[in-house]
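Take a look at the structure below.
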Amino acid sequence: MTLAMLESPQLSYGAVPTRGASTEARYIEKQSEEGRRRLREAHSIGLGVYRAFEELFVVARECGTQNWDGYGAQAVQEETSRQAHHFLEALPLGIPVPTVGAEADGHLTLEWYKNPARVLSVSISPNGMLYYAALIGTSKRSGTEPFLGEVPEDILHIIRRVFSA
Amino acid sequence: MSHLIVEQPVADAEWLARYIVRKEHVRRDGTVKPDPFIPFKYVELSVTRHLTLTEQQIWDIGERVASQTHHTQLQGRGDTEASAYVRQRLRVIAAPEEQNPNHANVIDWPADKQAQKEIALEIVKHVCYKAKPITTS
């Protein structure tokens, strides 16, 4: 039952955007955030995400200067870090936690990895575009999606496929 | 190294090194993420040809690359045969530099990011990661 709840797209690692501005909407948002916080604390399944936030902080800081890779890389901008943070927060509970990296163009990356043939890499740009590519056995998937506060369904589907076999 | 050698076309069977300065780019199982294999900024990827270099000389070039960063140290290198790039319809061309006569560029990458990522995922399946030996620094 609990695991089924954790799989719910309504539950995420952080605040999902609310569309209401009324007192009631804010109250509901606060209550649901509190609920999520308790769930995170109660279930080890949610604890791994703290490692990802920590990794994100370190990578963003250490790759925040030009040429951080010795080959002329672009610095990771604060806005990129903010987008990646929101993306991690928006991951539904129960979704495996990714590892964090950075690319020479200043994008931050999140990787879901099972083995070299089952892997998804998502790049996050400062303007909130998500560029992804995946290998799932013999099939390949790639695409570009805007991040509008919720993790695109396509990406969630691929994550599940990466870990399904 | 003789300039005659480093200006020769890169053979498919030649080994090429890509230096890695971020430990996050190496996965727990010792494989390498695609992140350091994404081309930037001229849609080309810098690599170093092993050719007749000794192991120590290959690491020395890596140390020089890493010394240009502010916060990080050389972690290791991802070695792969040129054929891993060629199979992805990329070309490897010799591009000797004063500091690194064995420098080469991997070119002909597509311009769009998602396609670059797809290619990088395929390339890293053939990359062999070597951690920097403790004795080199």
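Labels below follow one simple rule: chain letters A, B, ... track the order of the sequence lines, proteins then strands, and each chain is numbered from 1. Fair warning: this is a prediction, and the values are worked out from it, not measured in the lab.
The distance from the CG atom of D35(B) to the SG atom of C63(A) is 9.5 Å, given to the nearest 0.5 Å. Here the straight-line distance linking atom CD of E24(B) with atom CG of L56(A) works out to 10.5 Å at 0.5 Å rounding. Atom OG of S121(A) sits about 7.0 Å away from atom CD1 of I38(B), to the nearest 0.5 Å. Distance check, rounded to the nearest 0.5 Å: CZ of F37(B) to CD of E103(A) gives 12.5 Å.
Relative to the six-membered ring of Y113(A), R28(B) misses at least one condition, a distance below 6.0 Å or an angle of at most 45° to the axis.
In this structure K140(A) satisfies the side chain to side chain contact (heavy atoms under 4.5 Å, CB included) test together with L135(A), E118(B), E122(B), sequence neighbours excluded.
Annotation: side chain of Q68(B) is not in contact with side chain of Y71(A) (no heavy-atom distance under 4.5 Å). No side-chain heavy atom of T69(B) sits less than 4.5 Å from a side-chain heavy atom of D69(A).
Within 6.0 Å of the CD atom in E79(A), the count of heavy atoms belonging to other residues, nucleotides or ligands exceeds 12. Annotation for R27(B): atom CZ counts as buried by contact number, over 12 foreign heavy atoms lying within 6.0 Å. Heavy-atom neighbours of Q66(A) CD from other residues, nucleotides or ligands within 6.0 Å: above the threshold of 12.
Of the two parts of S46(B), the backbone and the side chain both hold a non-hydrogen atom closer than 4.5 Å to a non-hydrogen atom of chain A. The contact between E62(A) and chain B is made by backbone and side chain atoms together, counting heavy-atom distances below 4.5 Å. Both the backbone and the side chain of Q74(A) come within less than 4.5 Å of a heavy atom in chain B. Both the backbone and the side chain of Y19(B) come within contact range of chain A, each with at least one heavy atom under 4.5 Å from a heavy atom of that chain.
V86(B) and I119(B) sit in two unconnected hydrophobic clusters of ILVMFWY residues. Membership requires side-chain heavy atoms under 4.5 Å apart, directly or through other members. Hydrophobic clustering (side-chain heavy atoms under 4.5 Å, transitive across Ile, Leu, Val, Met, Phe, Trp, Tyr) groups W112(A) together with I124(A). Under a hydrophobic clustering in which Ile, Leu, Val, Met, Phe, Trp and Tyr are joined whenever their side-chain heavy atoms come within less than 4.5 Å, directly or via other members, V124(B) and V26(B) fall into the same cluster. Under the 4.5 Å side-chain heavy-atom criterion for grouping Ile, Leu, Val, Met, Phe, Trp and Tyr, V122(A) is not connected to L121(B) through any hydrophobic cluster. Residues V100(A) and I95(A) are members of one and the same hydrophobic cluster, defined by side-chain heavy-atom contacts under 4.5 angstrom among Ile, Leu, Val, Met, Phe, Trp and Tyr.
Contact tally against chain B (heavy-atom pairs below 4.5 Å) for L130(A), N115(A), V59(A): the top residue is V59(A). Most heavy-atom pairs under 4.5 Å with chain A: of the set K113(B), R64(B), K41(B), this distinction falls to K113(B). Between chain B and the residues A73(A), P116(A), A117(A), S142(A), the most heavy-atom pairs under 4.5 angstrom are made by S142(A). By number of non-hydrogen pairs under 4.5 angstrom with chain B, the leading residue of D105(A), T109(A), T65(A), T144(A) is D105(A).
With 3.5 Å as the limit, one finds a donor-acceptor pair spanning the side chains of S123(A) and K117(B). Inspection of the T99(A) and K33(B) side chains reveals an N or O donor paired with an N or O acceptor under 3.5 Å.
At least one donor-acceptor pair closer than 3.5 Å links the side chain of H25(B) to the backbone N or O of A102(A).
Scanning both residues, Y132(A) and Q114(B), for their nearest heavy atoms gives O-CB, 4.0 Å.
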Derivation and outcome, side-chain contact (heavy atoms from CB on, under 4.5 Å), residues W68(A) and T72(B)
CA-CA 7 Å; W68(A) 53 262; T72(B) 48; 5.7 Å; no
